[in-house]
Amino acid sequence: MSTPAPAPGPARTPGLAFILAIVLLDIAGIGLAIPVVPTLVATFTDGDLSRASVHVGTMSALYTGMMFLFSPLLGALSDRFGRKPVLLGALVVQVVSFFGAAFAPSLVLLLAVRALGGLGGASLTVAQTYIADISSHEDRAKNFGLIGAAFGIGFILGPALGGWLGAYGPNVPFIAAGVVALVNLVYGALLVPESHKPENRRAFRWAEANPLGWIVVLRRHPAVAGFAFALVWVWFGQQCMYNVWVLYTTYQFGWGPVDNGLSLAVVGITGAIVQGALIGRILGTLGERRTIVWGLAWGAASFVAYGLATQGWMMYAIIVLAAVGGASGPTLQGYVSRLVGPDQQGGVQGALTSLMSLTGILGPLIANNLFALATAPASPLPYPGAPFFLGAFFLALGAVLAARMLARAPATVAAVDDVLCHPG
């Protein structure tokens with residue numbers, strides 16, 4: 001009689017730690033670049049922030065574009081060859097990208113290596129799949145919760161560390177990130193087991209690597225497509241803020257990397273508090289529909305306030321007030337998830353993620369070019385806060401579209417979840 005295989009034990013621990021480190025590195029790697037990239041790019045534009053803004057927008061669009069194009073491909077490759085080689089290959093790319101950005105001798109090479117970093121960052125899809133591979137049914141929710149926590153920590157630590165290290169030079173945060181990526185690469189190569197068993201692998205299919213598969217999904221679900229259209233404008237609005245924040249505060253208030261890193265960390269902290277601890281209370285007070293619509297309207301008003309701020313301390317006051325409107329985004333996405341059955345969730349969420357990535361490609365190009373126009377000498381639009389005003393318009397448009405879709409929605413779908421709205 002054959003001996004039963006031993007139950008999985010400690011061998012899974014290094015794999016989980018490895019994946020959490022990859023996610024944290026990917027997210028923090030994006031965040032740490034934000035406070036210093038404008039300064040780094042400005043070294044190639046003779047310190048001209050207006051000219052630098054255009055290139056910063058291009059850089060951000062390239063990074064997100066590479067993630068958009070290669071996420072499905074890396075996922076399909078991991079189904080064929082296993083998760084570990086794909087993750088290690090992505091880490092090699094990250095190491096090259098971080099050190100390349102730190103020592104790039106020209107703007108063209110800087111743009112190229114940051115685009116390469118987007119290819120490495122596309123491994124987030126594979127990292128999440130690895131978690132699914134190694135998690136038991138009982139541990140799956142807990143382990144994916146850890147992934148969510150790594151996202152949140154990365155969004156807070158990345159800008160803070162980028163600002164602190166950026167005080168020693170705009171290339172220092174990239175050197176630090178490169179060292180961490182290299183350590184994680186060695187750790188993963190030596191200690192982390194493969195999670196995808198050979199008997200579960202399948203032939204590579206190009207159809208599964210198609211980054212435009214979201215179009216088919218949304219055509220199958222017209223109700224989801226309507227709300228997705230509202231979400232697109234919300235995401236465009238958010239892109240207008242995040243991509244010009246450092247440029248705007250540097251130009252308007254003379255902030256440096258430390259000030260910018262701290263302010264972005266505060267954005268992350270206040271957002272985490274609202275979305276993690278207060279959203280249930282907000283839903284219980286306002287209800288789902290008003291949380292969505294009024295939250296987006298509040299966000300639009302906050303963006304106008306950012307664009308009108310005349311002193312740096314005002315930005316912190318607005319950050320705290322604006323965080324309340326952050327409850328609208330997850331509430332709207334949660335609402336959309338209830339429009340389809342459990343067997344359709346993966347496809348719908350993947351389609352929404354692809355749409356978000358598209359706004360991450362186009363948004364920086366629009367917002368950063370608008371900032372360049374607003375701050376150029378003899379500008380016909382001499383308002384540095386113009387990208388925030390545009391973002392406010394996009395958020396308001398998203399609020400109007402969401403309100404119209406909610407008004408048409410069936411009452412059974414629109415009912416507020418008792419667990420969320422009446423905790424305890």
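In what follows, residues are counted from 1 in the order of the sequence shown.
Between atom CZ of residue Phe253 and atom CH2 of residue Trp313 there is a gap of 10.5 Å, rounded to the nearest 0.5 Å. How far CE of Met241 is from CZ of Phe303: 5.0 Å, rounded to the nearest 0.5 Å. Between the CD atom in Glu288 and the OG1 atom in Thr331 there is a gap of 7.0 Å [rounded to 0.5 Å]. Expressed to the nearest 0.5 Å, how far CZ of Arg289 lies from CG of Leu332 amounts to 12.0 Å. Annotation: the span from Met67 atom CE to Leu74 atom CG amounts to 10.0 Å, rounded to 0.5 Å. To the nearest 0.5 Å, the span separating CD on Gln238 from CH2 on Trp233 amounts to 14.0 Å.
Ala177 approaches Leu32 most closely through the heavy-atom pair CB-CD2, 3.7 Å. Shown here for Pro384 and Gln252, the closest heavy-atom pair between the two residues is CG-OE1, 3.8 Å. Annotation for Pro159 and Ala265: closest pair CB-N, 4.2 Å, computed over non-hydrogen atoms. Nearest heavy-atom pair, Tyr63 versus Gly121, reported as atom, atom and distance to 0.1 Å: OH-CA, 4.4 Å. Between Ala228 and Leu355, the shortest heavy-atom contact is CB-CD1, 3.9 Å. Taking each heavy atom of Thr45 and Ala52 in turn, the nearest pair found is OG1-CB, 3.8 Å.
Formation of a donor-acceptor pair under 3.5 Å by the Thr250 side chain with backbone atoms of Leu247 is not found in this model. The backbone N or O of Val113 lies less than 3.5 Å from a partner atom in the side chain of Ser97, making a donor-acceptor pair. Side-chain atoms of Thr270 come within 3.5 Å of backbone N or O of Val267 as a donor-acceptor pair. Looking only at distances, no side-chain donor or acceptor of Ser53 sits under 3.5 Å from a matching main-chain atom of Leu49. Tyr248 places a side-chain N or O within donor-acceptor distance of the main-chain N or O of Tyr306, the cut-off being under 3.5 Å. Formation of a donor-acceptor pair under 3.5 Å by the Glu194 side chain with backbone atoms of Arg83 is found in this model. Using modelled atom types, one side-chain atom of Thr359 and one backbone atom of Met356 make a donor-acceptor pair closer than 3.5 Å. Formation of a donor-acceptor pair under 3.5 Å by the Ser50 side chain with backbone atoms of Thr375 is found in this model. At least one donor-acceptor pair closer than 3.5 Å links the side chain of Asn369 to the backbone N or O of Leu365. In this structure, Trp245 contributes its side chain and Cys240 its backbone to no donor-acceptor pair below 3.5 Å.
The aromatic rings of Trp164 and Tyr168 lie perpendicular to each other, with more than 60° between the two planes, well past the 30° mark.
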Problem set entry | Worked check of side-chain contact (heavy atoms from CB on, under 4.5 Å) between Leu116 and Met66 | CA-CA 7 Å; Leu116 194 65; Met66 293 291 279; 5.5 Å; no
Exercise. For Leu87 and Leu91, what are the C-alpha separation, side-chain angles and deciding distance, and is it a side-chain contact (heavy atoms from CB on, under 4.5 Å)?
Worked result: CA-CA 6 Å; Leu87 289 170; Leu91 273 173; 5.8 Å; no
Exercise. When you look at Trp294 and Ser328, which way does the side chain to side chain donor-acceptor pair (under 3.5 Å) test go after all the steps?
Worked result: CA-CA 8 Å; Trp294 288 108; Ser328 60; over 6 Å; no
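The aromatic ring centroids of Tyr383 and Phe389 lie 6.0 Å or more from each other.
Residue Phe44 qualifies as enclosed at atom CZ: its count of foreign heavy atoms under 6.0 Å is above 12. Summarising the local packing, CH2 of Trp255 is surrounded by more than 12 heavy atoms from other residues, nucleotides or ligands at distances under 6.0 Å. The 12-atom threshold is exceeded at OH of Tyr316, counting heavy atoms of other residues, nucleotides or ligands nearer than 6.0 Å.
By the 4.5 Å heavy-atom criterion applied to side chains, Phe388 and Val244 are counted as neighbours. At least one side-chain heavy atom of Tyr251 sits under 4.5 Å from a side-chain heavy atom of Phe371. Between Val232 and Phe394 there is no side-chain heavy-atom pair separated by less than 4.5 Å. Counting only heavy atoms from C-beta outward, the side chains of Asp259 and Thr249 never approach each other to under 4.5 Å. Val400 places none of its side-chain heavy atoms less than 4.5 Å from the side chain of Leu296. In this structure the side chain of Leu370 never reaches within 4.5 angstrom of the side chain of Ile366, judged on heavy atoms. Taking 4.5 Å as the limit, some side-chain heavy atom of Phe227 sits within range of a side-chain heavy atom of Leu406. The closest side-chain heavy-atom distance from Val246 to Val37 is not below 4.5 Å.
In this structure Pro364 satisfies the side chain to side chain contact (heavy atoms under 4.5 Å, CB included) test together with Ser60, Gln239, Asn243, Asn368, sequence neighbours excluded. By the salt bridge (charged side-chain N to carboxylate O under 4.0 Å, His left out) test, Arg114 pairs with no residue at all, sequence neighbours left out.
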